[in-house]
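Below is one structure; the comments refer to it alone.
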Number of protein chains: 2
Amino acid sequence: MNIHLTLPSEMRIRDEHKEEAIREKAYEIIVKKGFEGLSMQKLAKAAGVSPATIYIYYKNREDLLHSLFNHAQKEFAFFALRNFDPSVSLEEGLWLQWKNRLAFISDNPIIYQFFELFRNSPLINHKNVSMKEFKENMVLFVKNAIQRGELARMEPEIFWSIAYGSFYSLVKFHLQEKKMMTENFKITDAKMKQTLHMVVKALKP
Amino acid sequence: MNIHLTLPSEMRIRDEHKEEAIREKAYEIIVKKGFEGLSMQKLAKAAGVSPATIYIYYKNREDLLHSLFNHAQKEFAFFALRNFDPSVSLEEGLWLQWKNRLAFISDNPIIYQFFELFRNSPLINHKNVSMKEFKENMVLFVKNAIQRGELARMEPEIFWSIAYGSFYSLVKFHLQEKKMMTENFKITDAKMKQTLHMVVKALKP
DNA sequence: TTTATAAGTGAATGAACATTCATTTAACTT
DNA sequence: AAGTTAAATGAATGTTCATTCACTTATAAA
């Protein structure tokens, strides 16, 4: 990505607007109609480019789908740790992450829904981006919380299921209602905080 | 369904094996390749019938997909409440349901994975089966637990997210590992019980 | 201004698609 | 045994699909 910015080149530069239009329209179509609903010709039409243009940016349809996911995952994981400091208390750290995630979802509902759709699809089996920095931060955060006596020792998947599984479940609830009612997506801070309190209680030693 | 069993008829009876073969192969193909991967001709070949035969059992592809989901949802919800008594304690009731769900998932991993795939897809927006009996049982169960002081008052989606969201999250973890490692699906009772204990603690007033 | 290079294109291609249809087959009634 | 009904079929239909290709256009170096 962005080769034309980092390398001097003799070529005609790529039009970033085109690339973004393709990506955003692809997210939209997939969220609305599923992967089945995305054909290269429909996508090209929606993005205002020629079908052949898509093949300049992506090797083929499969590459397009995986690139879309990597893009979404990177953005989401990056946003989740915005302003995150692994040395704060468990409750404070989780609260920040929940708020960050919710903010991203509210601002980018289409991208998030695509992310969830892909995560739950058979396409996910392929190798994906590493999330190294994200994992390192989380390991540190958990270790600190255990040492401080805020968190019981447990297997990582149990921690994840309690600390985040309930959050995602709550979000799913609201996204489905939104889809059905065509209302705005909105979880109140109070509802989130109430749920988080329960989660923190569960995680105590 | 099963019209030939409940009504006397003058017609040639439907071959139940064919219907089941179509359904089971459809689940398999969709779980392995996604909805994109299911074409009527491939399904027919896999089930050992003619493409036209599928249209005897289902109006069209869309009807097939929704019927598959209704079938899976009914089986799963029925199994979840097997031996369930809404008057038992919160922990006992949740434990039974978790065990039931896990047993179903272990015995029918393909059906369950299809169920999750469909639930997370745009196809879910259409009207689906009512689950009336299931909901009635749950309302009673929750009411009892609150009266007994085992459960704090909270909005239903919060209860659901804590009491089941973490369970599903745990299952997802293991199913993904299984897919990647081609191992057998296995969550130990101890791991489940540990998680349930934490959940029950969270739900206390 | 010329030249090189890659961005961008519309039309074309063969494969795969959902669905239909004329026909055959099996079961039950009389 | 004859008649009726619907199950079951393989081949056919018209459409949509992913991808390619010969070509044009825009950019920057020379």
Side-chain angles (χ1 to χ4, degrees), chain A residues 1-26 29-30 32-69 121-123 126, chain B residues 1-26 29-30 32-69 121-123 126:
Chain A
M1 272 192 284
N2 297 333
I3 290 168
H4 60 288
L5 287 183
T6 53
L7 285 177
S9 109
E10 303 169 3
M11 54 181 170
R12 175 178 174 191
I13 60 167
R14 288 185 179 181
D15 183 346
E16 289 223 13
H17 297 320
K18 281 203 175 60
E19 187 171 3
E20 201 183 319
I22 292 170
R23 192 170 48 231
E24 295 303 320
K25 289 297 176 184
I29 293 171
I30 292 168
K32 204 180 284 178
K33 306 273 185 182
F35 296 110
E36 315 185 74
L38 185 87
S39 84
M40 301 305 261
Q41 353 231 9
K42 279 180 191 161
L43 172 57
K45 197 164 199 177
V49 300
S50 159
T53 302
I54 302 173
Y55 289 85
I56 294 168
Y57 294 93
Y58 306 97
K59 224 175 64 212
N60 51 37
R61 204 185 99 110
E62 204 193 333
D63 177 49
L64 164 66
L65 292 175
H66 283 91
S67 298
L68 290 173
F69 179 67
S121 83
L123 294 165
H126 295 60
Chain B
M1 269 190 287
N2 297 334
I3 289 170
H4 60 288
L5 287 183
T6 53
L7 286 176
S9 110
E10 304 168 2
M11 55 181 171
R12 175 178 174 192
I13 59 167
R14 288 184 178 181
D15 184 345
E16 289 222 12
H17 297 321
K18 282 201 174 62
E19 186 171 4
E20 200 182 319
I22 293 170
R23 192 172 45 233
E24 295 304 320
K25 288 297 176 185
I29 294 172
I30 292 168
K32 204 180 285 178
K33 305 275 185 181
F35 296 109
E36 314 185 74
L38 184 88
S39 83
M40 301 304 262
Q41 353 232 6
K42 279 181 191 159
L43 173 56
K45 196 164 199 176
V49 300
S50 157
T53 303
I54 301 173
Y55 289 85
I56 293 168
Y57 294 93
Y58 306 97
K59 224 175 65 211
N60 50 39
R61 204 185 100 110
E62 204 193 334
D63 177 50
L64 164 67
L65 292 175
H66 283 91
S67 298
L68 290 174
F69 180 67
S121 84
L123 294 165
H126 295 60

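Both backbone and side-chain heavy atoms feed into the values below; hydrogens, waters and symmetry mates do not. Because the structure is a prediction, the values reported are computed rather than measured.
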Original post:
Are E20(A) and R23(A) close enough that some pair of their side-chain heavy atoms sits under 4.5 Å apart?
Top reply: yes
Original post:
Rounded to the Å, how far apart are I22(A) CD1 and dA7(C) C1'?
Top reply: 12 Å
Original post:
Is there side-chain contact between F69(B) and L123(B), with at least one heavy-atom pair below 4.5 Å?
Top reply: no
**OP:** Check side-chain contact (heavy atoms from CB on, under 4.5 Å) between I29(B) and all other residues, then give those that pass, not counting sequence neighbours.
**Re:** L38(B), L43(B), A46(B)
Original post:
What's the shortest heavy-atom distance between Y55(A) and N60(A), and which atoms?
Top reply: CE2-CA, 3.8 Å
**OP:** Round to a whole Å and report the spacing from CG of L43(B) to P of dT19(C).
**Re:** 12 Å
Original post:
Where the side chain of K42(A) is concerned, which of dC17(C), dC17(D), dA18(D) is the nearest nucleotide?
Top reply: dC17(D)
Original post:
So which nucleotide from dT19(C), dT9(C), dT19(D) ends up closest to the side chain of M40(A)?
Top reply: dT19(D)
Original post:
Which value, rounded to the nearest 0.5 Å, describes the distance between L64(B) atom CG and M40(B) atom CE?
Top reply: 5.5 Å
Could I get a table of every N or O pair under 3.5 Å where one atom is in the protein and the other is in nucleotides 10-12 of chain D?
unit_1	atom_1	unit_2	atom_2	d
dG10(D)	N7	S50(B)	OG	2.8

Original post:
To the nearest angstrom, how far is K18(A) atom NZ from dA7(C) atom C1'?
Top reply: 8 Å
Original post:
How close or far is atom C1' of dT5(C) from atom CD1 of I56(A), stated in whole angstroms?
Top reply: 13 Å
Subject >> Partner residues of Q41(B) under the side-chain contact (heavy atoms from CB on, under 4.5 Å) criterion, sequence neighbours left out >> reply: S39(B)
Original post:
Which residues satisfy the side-chain contact (heavy atoms from CB on, under 4.5 Å) test with A47(A), sequence neighbours excluded?
Top reply: A21(A), I22(A), K25(A), V49(A)
**OP:** Specify the separation, in whole Å, of atom NZ of K59(B) and atom C1' of dA18(C).
**Re:** 14 Å
Original post:
Hey, does the side chain of S39(A) come within less than 4.0 Å of dC17(D)'s phosphate (OP1/OP2), counting only N and O?
Top reply: yes
Original post:
Contact class for L38(B) vs. all strands (heavy atom < 4.0 Å): base, sugar-phosphate, or nothing?
Top reply: sugar-phosphate
Original post:
What is the distance, rounded to the nearest whole Å, between atom OH of Y58(A) and atom C1' of dG8(C)?
Top reply: 15 Å
Original post:
Rounding to a whole Å, what distance do you find between Y55(B):OH and dA18(C):P?
Top reply: 6 Å
Subject >> Distance, rounded to the nearest Å, where K33(A) contributes NZ and dC17(D) contributes P >> reply: 12 Å
Original post:
Which part of the nucleic acid does Y57(B) contact within heavy-atom distance under 4.0 Å: base, sugar-phosphate only, or nothing?
Top reply: sugar-phosphate
